[in-house]
Visitor: 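Input: one structure, supplied below.
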Protein chains: 2
Amino acid sequence: MRNIAINTDRLWGTMMEVGRIGETPGGGSHRLALTEEDGQARDLFCRWMREAGCAVSIDAIGNIFARREGRDPSLPPVMVGSHLDTVPMGGKFDGIAGVMAGVELLRTLNDRAIATTAPVEIVVWTNEEGSRYSPFTMGSQVFVGQQRLADMLAGRDVLDPTHGDTVGQALAKIGYAGTVPVGGRKVGCYFELHVEQGPSMMDADVQVGIVVGSFVARYFIATIVGEQAHVGPTPMAQRKDALVAMSRLVLEIDRIGRSHGPDGRSNAPHLELYPNVRGVIPARIELSCDVRHSDHASMLRMEGELRAAADAIAAASGVDISLRQYHEFGPVRFHPDVIDLLRRTATDLGYRTRDILTIAGHDAVPMLDVCPSGMVFVASRAGGISHNEKEFTDREDLAAGTNVMLHAVLARAGVAD
Amino acid sequence: MRNIAINTDRLWGTMMEVGRIGETPGGGSHRLALTEEDGQARDLFCRWMREAGCAVSIDAIGNIFARREGRDPSLPPVMVGSHLDTVPMGGKFDGIAGVMAGVELLRTLNDRAIATTAPVEIVVWTNEEGSRYSPFTMGSQVFVGQQRLADMLAGRDVLDPTHGDTVGQALAKIGYAGTVPVGGRKVGCYFELHVEQGPSMMDADVQVGIVVGSFVARYFIATIVGEQAHVGPTPMAQRKDALVAMSRLVLEIDRIGRSHGPDGRSNAPHLELYPNVRGVIPARIELSCDVRHSDHASMLRMEGELRAAADAIAAASGVDISLRQYHEFGPVRFHPDVIDLLRRTATDLGYRTRDILTIAGHDAVPMLDVCPSGMVFVASRAGGISHNEKEFTDREDLAAGTNVMLHAVLARAGVAD
């Protein structure tokens, strides 16, 4: 079995074909969760998997499971998956690589007529990115019971709160409001391949990163309340401008990330400003922000600095600033058996490998709640940039990662006689 | 004639009645241009004016003219007006005071059965605020030929660009897509009463401010282009975060306004951020900003500092920042005959008066293009705050300003035998 390998060109071809759905002028993909384009990518996946002989089922949150039956259908399936949605003006690799690795390894099993003892399922999770609907990794979180289905189906379109569809409405529109209950069944193991989305593997010339765990992150909404007033006659000294106070906070957030070593990260990527009209001093802002670090104590110090900065700015500006934590991530430790298996497989196949931590969230994290779960990363090129049209990964690196997935799946699912 | 005076309680009553349309919990009004609430306020005005015997006409941009005929209908009318729209969560006085001053002085003429030689028209201008549609003073600008009707009717809803009505659609919905051609007729004179919207008259205990001219202001859109990337794995040193760069610029704008004496003003009230989702470093921002001063040379120095700050921040942050001027305002000088008349009238009536400059735009400014035009201010209380629910003006101050308007109108329109 050791000498079988996936078809690199076929893998690349599937990725490029999916990437053309919602393709952007700069060579990326704009395919937000549950839009028409997401529906088209899902349709293509389902067609390919049916052509490969799989039974395709869709659950009530729109997760897609393409099942290749095992010799013993009563065994829990080995799952491989990721997502097909992108951020706005995103790349062709983030998420897509993990799904297409699954498609390719399944086709390879078919080519070789290899039967597995346990079933193998290739999964497309709904709304991993969290751009159009919150939270991220929505589909996998509902699958493992971390989120309630009804709450998620009612989720509003963040990018079009007034007129946009809820998750439930959008699922129905693209034909992915499935009838299968979400989760509640045994999973043998979960594997996910993903692009790194940073430069560290590229810089270290690593082919396959063994994801052993995660950074730890806390996410906040900073609510900044100033006083709305006329932009003209209101004397400068009398103003309580929420945007000026927010600007001070954003610079402090940026400073905090930079001052905690190479693993410090901090962000303020999203805001809602009221009233946001030209004649009125900004009155109220909700700013999403987060701090992240590989080291838990460092992250807590960063949080402390963030809270102190918010208090100091509020006191100096006469505005009110409150911080509400809305999410926490990590520290995650992937399953030791899966880590060992992936590391051993990569080494056996002769790839240059290294342990790595994920800084972003992935569907493999919620899956830890229900089964042994693990990930491999392949290097991001173009400076490691991701969530950008320029996102890029070499075909040989994708092949290397997919070969690791193939052999890990065979090891867990078992090759039938 | 000198001893006739308006009815203070009736004036206050009309203002409070209009203020209940779109009333906010904090005692202000939320009545954006051409919304259903704006339509209701317009309907009330039209009903009152018809009950007062006026002929009401509506032009193609939705400006309303309530005409009280003069003894000589061939004479150009003396106009009195302002606006009924508000900013989001605005006050009950800004704009409304000027229209209701017109309603009240016309009712006073009726009470006394005073015929004027020239006709008197009370005007409601469309979209003075510029919150929902741009630019501000839209109705008066079209009336005097500063803006093309077709361009303005096509104006998009700034607060709901995707689904909102254009100006033309919104006018039709509320029943104010009039058939009368806009402008193109002679106006004898234009008077406008307005609340100051700042604290200077309150601080100086002035009852009636004679508005002799304006500050000078330049308005810009700063376009800040960074690089979109993943919020997590992207190293801090590698980021080109448009929001961080914008935050530096906002603080510089705020500093510039504060460093040019008591008449310096600077603002950054409105922004559009892309992609504005939690997982992506901000890529592109359009920030509306402006600098204002009573002194032209000082305003130009402020503009110079703004441009230098934008260049310095761009160079230091690795982002691109470009400034595009989209509007200029002032220096305005109101018509000397009107200034003299208003000043003399206020003094004759025994009011404490003072010359003042407007820092904000008003419909009386475009009207300078077609007739002698002038304004009186009455004091804003509650610290001078405006564009806020707390906006407040005393009834006695409103009565004082309206009495000045009444006698100025009589002086210009002429009392018929």
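Each chain gets a letter, A, B and so on, in the order its sequence line appears, and its residues count up from 1. As the structure is a prediction and not an experimental result, all values here were calculated from the model.
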Visitor: Give me the one residue out of B:His387, B:Gln197, B:Arg292 that meets side-chain contact (heavy atoms from CB on, under 4.5 Å) with A:Val231.
Guide: B:Arg292
Visitor: Can you tell me if B:Arg278 uses its side chain to pair, donor with acceptor, with the backbone of A:Gly130 under 3.5 Å?
Guide: no
Visitor: Of the backbone (N, CA, C, O) and the side chain (C-beta and beyond), which part of B:Leu32 lies under 4.5 Å from a heavy atom of chain A, both, or neither?
Guide: neither
Visitor: At a heavy-atom separation under 4.5 Å, does B:Leu271 approach chain A through its side chain, its backbone, both, or neither?
Guide: both
Visitor: May I ask you to test the B:Asn267-A:His230 pair for a side-chain heavy-atom distance under 4.5 Å?
Guide: no
Visitor: Under 3.5 Å, is there a donor-acceptor pair between the side chain of A:Gln238 and the main chain of B:Gly383?
Guide: yes
Visitor: Contact part of B:Leu159 toward chain A, heavy-atom cut-off under 4.5 Å: side chain, backbone, both or neither?
Guide: side chain
Visitor: In terms of heavy-atom proximity below 4.5 Å to chain A, should B:Ser380 be classed as side chain, backbone, both, or neither?
Guide: neither
Visitor: With a 3.5 Å distance limit and no angle check, can you tell me whether A:Gln228 reaches the backbone of B:Met89 through a side-chain donor-acceptor pair?
Guide: yes
Visitor: Measure from the side-chain N and O atoms of A:Asn388 to the backbone N and O of B:Glu227, and report whether any donor-acceptor pair falls under 3.5 Å.
Guide: no
Visitor: With a 4.5 Å limit on heavy-atom distance, are the side chains of B:Pro262 and A:Met236 in contact?
Guide: no
Visitor: Side chain, backbone, both or neither: which part of A:Ser266 has a heavy atom under 4.5 Å from chain B?
Guide: both
Visitor: Can you list the steps and then say if A:His163 with B:Asp160 is a side chain to side chain donor-acceptor pair (under 3.5 Å)?
Guide: CA-CA 10 Å; A:His163 304 277; B:Asp160 189 3; 2.8 Å; yes
Visitor: Can you name the one residue among B:Val244, B:Leu243, B:Val250 that meets side-chain contact (heavy atoms from CB on, under 4.5 Å) with A:Leu251?
Guide: B:Val244
Visitor: Quick check: under 4.5 Å, non-hydrogen atoms only, which of residues 214-221 of chain A neighbour chain B?
Guide: A:Ile221
